[in-house]
Amino acid sequence: MSVLDPRATPAAPAAPPDGTPPAPRRGRTGLFRALLANRKALFGAAVLVVFALLAALAPVIAPGDPSKINSTGASEPSAAHPFGTTAKGQDVLALTLWGARSSLLVGFSVGLAATALAVLVGMAAAYFGRITDDLLSLITNVFLLVPGVPLLVILAAFMPPGTTTVILVLVITGWAGSARVLRAQAKSIRGKDFVAAAVVSGERPLRIMFREILPNMASVVMTTLLGCVIFGIGAQAGLEFLGLGDASVVSWGTNLYWAGNDGALMTGAWWVFVPSGLCIALVAFALAMANYAVDEITNPRLRARRTKAPAVTEARAVTEVRAAATEAPAAATVAPAVTEVRAAATEAPAVNRKES
């Protein structure tokens, strides 16, 4: 078979001269394997799994209507009510568990929808270029220039209240920044040789975008997704705390809204607003840790920092061992010489006495 025959099977990479087998290539699942071995990613995933289980088991742990008003009034945490009760007699633990269902649903829905929209816009602008790129970049810049908070307030105030409205408003205001980042990444991959080869071979644009370009953007897409989820949870809580959400839906944001309306801050009833605020902070922290883990695995500079310290320590240890090995023969040679000098110094006074 000729060497130039395209049907020829490529030869396996040759082993290095020292006999060490070549390092295996990292496949598409390499990122997920690295995440499973990263402590930050495991911590973030564990916290998210705990909150997801608590949200799923809310009807079992706290059955009944969590927003039901009782005549008990506000009370501090006790055995009957571990998180205490609100001024309306509502159990804070039940409100917190049931609020996790709505907050996590909105957060992850916003994250998935905003990321999907940003991926489509970014890859389309980067792949097609020219007029398509100019038009999509113009739309993206318009959404970036419009202040986010006023736009959120206006859209939430004039649209019918509900969870769907909150998700739609947050997706509209949260995709532009991610689309700009993904466009830049996709544009750099668009100029690679394997993409040009796919275009020349007659592959369809959608297949090239989703089979050739998108897999090479997995780390950026995952980072974008985590950031959008954090944005969704925090923005929903902010809107509902301002009274722009559906006050009848139990969520962490509405819990904070009713805590402010009932005067929990004024009366010092910390147990009413601390659980919901702490849950928002913990989920955001877990997502941030997972986000940092992805960046740590995919960023060469952060990988170099992680491997630099052990390498420096090992190099110092090797240097010290070599220095000790070098000084040992010298010390063995100097010791007899020192002994001879001391013996000569001891014999000198005796010789002088005999001569006198």
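Quick note: numbers below take in every heavy atom, side chains included, and nothing from hydrogens, waters or symmetry partners.
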Subject >> Atom pair CZ (R190) and CD (E212), whose distance is rounded to the nearest 0.5 Å >> reply: 11.5 Å
Original post:
Closest approach of S219 and T298, non-hydrogen atoms and distance?
Top reply: CB-CG2, 3.1 Å
**OP:** Name all residues meeting the side-chain hydrogen bond (donor to acceptor under 3.5 Å, both in side chains) criterion together with N216; count only those two or more places apart in sequence or in a different chain, and write none if there are none.
**Re:** none
**OP:** Tell me, with the steps shown, if L256 and I280 meet side chain to side chain contact (heavy atoms under 4.5 Å, CB included).
**Re:** CA-CA 11 Å; L256 297 176; I280 295 174; 4.1 Å; yes
Original post:
For W258, what residues pass the ring pair (Phe, Tyr, Trp, His ring centres under 6.0 Å) criterion, not counting sequence neighbours?
Top reply: none
**OP:** Taking the side chain as every heavy atom from C-beta outward, state whether L239 and L170 have any pair of such atoms under 4.5 Å apart.
**Re:** yes
Subject >> Approximate separation, where rounding is to 0.5 Å, of L225 CG and M222 CE >> reply: 8.0 Å
**OP:** Examine distances only and state if a side-chain atom of N38 and a backbone atom of K40 form a donor-acceptor pair shorter than 3.5 Å.
**Re:** yes
Original post:
Between E203 (side chain) and I208 (backbone), is there a donor-acceptor pair under 3.5 Å?
Top reply: no
Original post:
Linking I/L/V/M/F/W/Y whenever their side-chain heavy atoms sit closer than 4.5 Å, directly or via other members, would V121 and F210 fall into one cluster?
Top reply: no
Subject >> Check: G277 main-chain N/O paired with W252 side-chain donor or acceptor under 3.5 Å >> reply: no
**OP:** Ignoring hydrogens and angles, tell me if any N or O in the side chain of S201 forms a donor-acceptor pair with the backbone of A198 under 3.5 Å.
**Re:** yes
Original post:
Between A290 and L226, what is the shortest heavy-atom contact and its length?
Top reply: C-CD1, 3.7 Å
**OP:** Check whether any side-chain heavy atom of V110 lies under 4.5 Å from a side-chain heavy atom of V229, and answer yes or no.
**Re:** no
**OP:** Under the salt bridge (Lys or Arg N to Asp or Glu O under 4.0 Å) rule, collect the residues that match up with E76, sequence neighbours excluded.
**Re:** none
**OP:** Determine whether I139 and V146 fall in the same hydrophobic cluster, where Ile, Leu, Val, Met, Phe, Trp and Tyr are linked whenever their side-chain heavy atoms lie under 4.5 Å apart.
**Re:** yes
Original post:
Given the rule in the side chain to side chain contact (heavy atoms under 4.5 Å, CB included) test, do V221 and V119 qualify, once you have shown the distances and angles that lead to the verdict?
Top reply: CA-CA 8 Å; V221 172; V119 167; 4.1 Å; yes
Original post:
Who passes ring pair (Phe, Tyr, Trp, His ring centres under 6.0 Å) against F128, sequence neighbours left out?
Top reply: none
Subject >> Linked, directly or transitively: I167 and L244 (ILVMFWY side chains, under 4.5 Å) >> reply: yes
Original post:
Of all residues at least two apart in sequence or in a different chain, which pass the ring pair (Phe, Tyr, Trp, His ring centres under 6.0 Å) check with F194?
Top reply: none
Original post:
How about K88 and N70: do any of their side-chain heavy atoms sit closer than 4.5 Å?
Top reply: no
Subject >> F231, CZ: over 12 other non-hydrogen atoms inside 6.0 angstrom >> reply: yes
Original post:
Are any side-chain N or O atoms of T165 and backbone N or O atoms of P160, one a donor and one an acceptor, separated by less than 3.5 Å?
Top reply: yes
Could you pull out every donor-acceptor pair under 3.5 Å between side chains of residues 44-63 and any protein atom, sequence neighbours left out?
none

Subject >> Under the salt bridge (Lys or Arg N to Asp or Glu O under 4.0 Å) test, residues paired with R130 that sit two or more places apart >> reply: none
**OP:** Mind jotting down which residue pairs meet the side chain to side chain donor-acceptor pair (under 3.5 Å) criterion with at least one end in residues 236-246? Sequence neighbours excluded, please.
**Re:** Q236-E240, E240-S251, D246-S248
**OP:** Give the minimum heavy-atom separation between W271 and G84, together with the two atoms involved.
**Re:** CD1-CA, 3.9 Å
Subject >> Student check: side-chain heavy atoms of I213 and V195 closer than 4.5 Å >> reply: yes
Subject >> Residues forming a side chain to side chain contact (heavy atoms under 4.5 Å, CB included) with D133, sequence neighbours excluded >> reply: A125, S137, R183, K187
**OP:** Test V166 against V249 for side chain to side chain contact (heavy atoms under 4.5 Å, CB included), laying out the working first.
**Re:** CA-CA 12 Å; V166 174; V249 176; over 6 Å; no
Subject >> Common cluster, V92/V283, ILVMFWY with side-chain heavy-atom separation under 4.5 Å >> reply: yes
Original post:
Closest approach of G232 and V106, non-hydrogen atoms and distance?
Top reply: O-CG1, 4.5 Å
Subject >> Verdict with supporting geometry, L214 and M123, side chain to side chain contact (heavy atoms under 4.5 Å, CB included) >> reply: CA-CA 8 Å; L214 184 59; M123 286 199 306; 4.0 Å; yes
**OP:** Could you pull out all residues at least two apart from S75 that satisfy side-chain hydrogen bond (donor to acceptor under 3.5 Å, both in side chains)?
**Re:** T85
Original post:
What are the two closest non-hydrogen atoms of A179 and A118, and how far apart are they?
Top reply: N-CB, 3.5 Å
**OP:** Indicate the atoms forming the closest heavy-atom contact of T254 with A247, along with that distance.
**Re:** CG2-CA, 4.2 Å
Original post:
Is a donor on one side and an acceptor on the other found under 3.5 Å between the side chain of S103 and the backbone of A100?
Top reply: no
Original post:
How about R101: does its CZ atom have over 12 heavy atoms from other parts shown lying under 6.0 Å from it?
Top reply: yes
**OP:** State which residues pass side chain to side chain contact (heavy atoms under 4.5 Å, CB included) with L93; sequence neighbours excluded, sorted by chain then number.
**Re:** P82, F83, D91, L97
Subject >> Residues in ring pair (Phe, Tyr, Trp, His ring centres under 6.0 Å) contact with F143, at least two apart in sequence or another chain >> reply: W175
